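Take a look at the structure set out below.
Residue numbers start at 1 and run along the sequence shown. Note that the coordinates shown come from a computational prediction; the quantities given were computed from them, not determined experimentally. When reading the values below, keep in mind they use all heavy atoms of this one structure, side chains included, and skip hydrogens, waters and symmetry mates.
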Amino acid sequence: QVQLVESGGGLVQPGGSLRLSCAASGSIVSINTVGWYRQAPGKEREWVATISTFRTNYADSVKGRFTISRDNAKNTVYLQMNSLKPEDTAVYFCNSVYLPRPWGQGTQVTVSS
């Protein structure tokens, strides 16, 4: 089974940018639809964005600020996050939407001045 590993998190000031990566251990094409999710302290995990072969979708809270993309040659899905806000602080996870794997450790994003 192809595994997914998140990376790219860090500490950034409000208004800043980060790019997260979701690297697959094998062909990410075989997974097709991949989603980014996040979980803030004390809150439920929430969906952020999804990418399939032909379309992308975003949660209203990130629409216009985040961009999900994929590089099939590198077996990687990215989440470009711009205009970051303190409320974007969370652990970010990626997973297959239709064939979900056990959740990984995610990557911490902290937006703070």
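Nearest approach of Tyr58 to Ala49, heavy atoms of both residues: CD2-CB, 3.7 Å. When all heavy atoms are compared, the tightest approach of Ser113 to Pro14 is N-CD, 3.7 Å. Scanning both residues, Leu84 and Met81, for their nearest heavy atoms gives CD2-CB, 3.8 Å. Closest approach of Ser30 to Val2, counting heavy atoms only: OG-CG2, 3.9 Å. When every heavy atom of Cys22 is checked against every heavy atom of Val34, the shortest pair comes out as SG-CG1, 4.4 Å. Nearest heavy-atom pair, Asn32 versus Thr53, reported as atom, atom and distance to 0.1 Å: OD1-OG1, 2.7 Å.
At a threshold of 4.5 Å between non-hydrogen side-chain atoms, the residues Leu4 and Ile31 count as touching. Gln80 has its side chain within reach of Ser17: a pair of non-hydrogen atoms, C-beta onward, lies under 4.5 Å apart. Put simply, the side chain of Thr107 does not reach to within 4.5 Å of the side chain of Phe93, judged on heavy atoms. Between Thr89 and Val109, every side-chain heavy-atom pair lies at or beyond the 4.5 Å cut-off.
Put simply, the residue from Gln39, Glu6, Arg38 that forms a side chain to side chain donor-acceptor pair (under 3.5 Å) with Tyr92 is Arg38. When the options Asn82, Leu79, Leu20, Thr56 are evaluated for a side-chain contact (heavy atoms from CB on, under 4.5 Å) with Phe66, the one that passes is Leu79.
Judged by distance alone, the side chain of Thr50 and the main-chain N or O of Gly35 form no donor-acceptor pair under 3.5 Å. Between the side chain of Thr76 and the backbone N or O of Lys74, at least one donor-acceptor pair lies under 3.5 Å. Using a distance-only test at 3.5 Å, with no hydrogens or angles considered, no donor-acceptor pair links the side chain of Ser21 to the main chain of Ala23.
Put simply, Val48 and Val12 are part of the same group of oily side chains (I, L, V, M, F, W, Y) that touch within less than 4.5 Å, one to the next.
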Evaluation steps, side-chain contact (heavy atoms from CB on, under 4.5 Å), between Arg65 and Asp88:
CA-CA 11 Å; Arg65 300 188 298 123; Asp88 294 318; 2.7 Å; yes
Go through it in stages, so that I can follow the logic: the residues are Gln13 and Ser112, the test is side-chain contact (heavy atoms from CB on, under 4.5 Å), and I'd like the CA-CA distance, side-chain angles, deciding distance and then a yes or no.
CA-CA 5 Å; Gln13 292 187 342; Ser112 175; over 6 Å; no
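For the atom pair CG of Asn95 and CZ of Arg45, the computed distance is 8.5 Å after rounding to the nearest 0.5 Å. To the nearest 0.5 Å, atoms OH (Tyr78) and CD1 (Ile68) are separated by 12.5 Å. From Ser61, atom OG reaches atom CD of Glu46 across 5.5 Å, with rounding to the nearest 0.5 Å. The structure places OG of Ser52 at 7.5 Å from CZ of Arg70, a figure rounded to the nearest 0.5 Å.
The pair Lys63-Asp60 meets the salt-bridge criterion, with a side-chain N (NZ, NE, NH1 or NH2) lying under 4.0 Å from an Asp/Glu carboxylate O.
Aromatic ring centres of Trp103 and Tyr37: separated by under 6.0 Å.
Environment of CD in Gln1: crowded, with over 12 heavy atoms of neighbouring residues, nucleotides or ligands closer than 6.0 Å.
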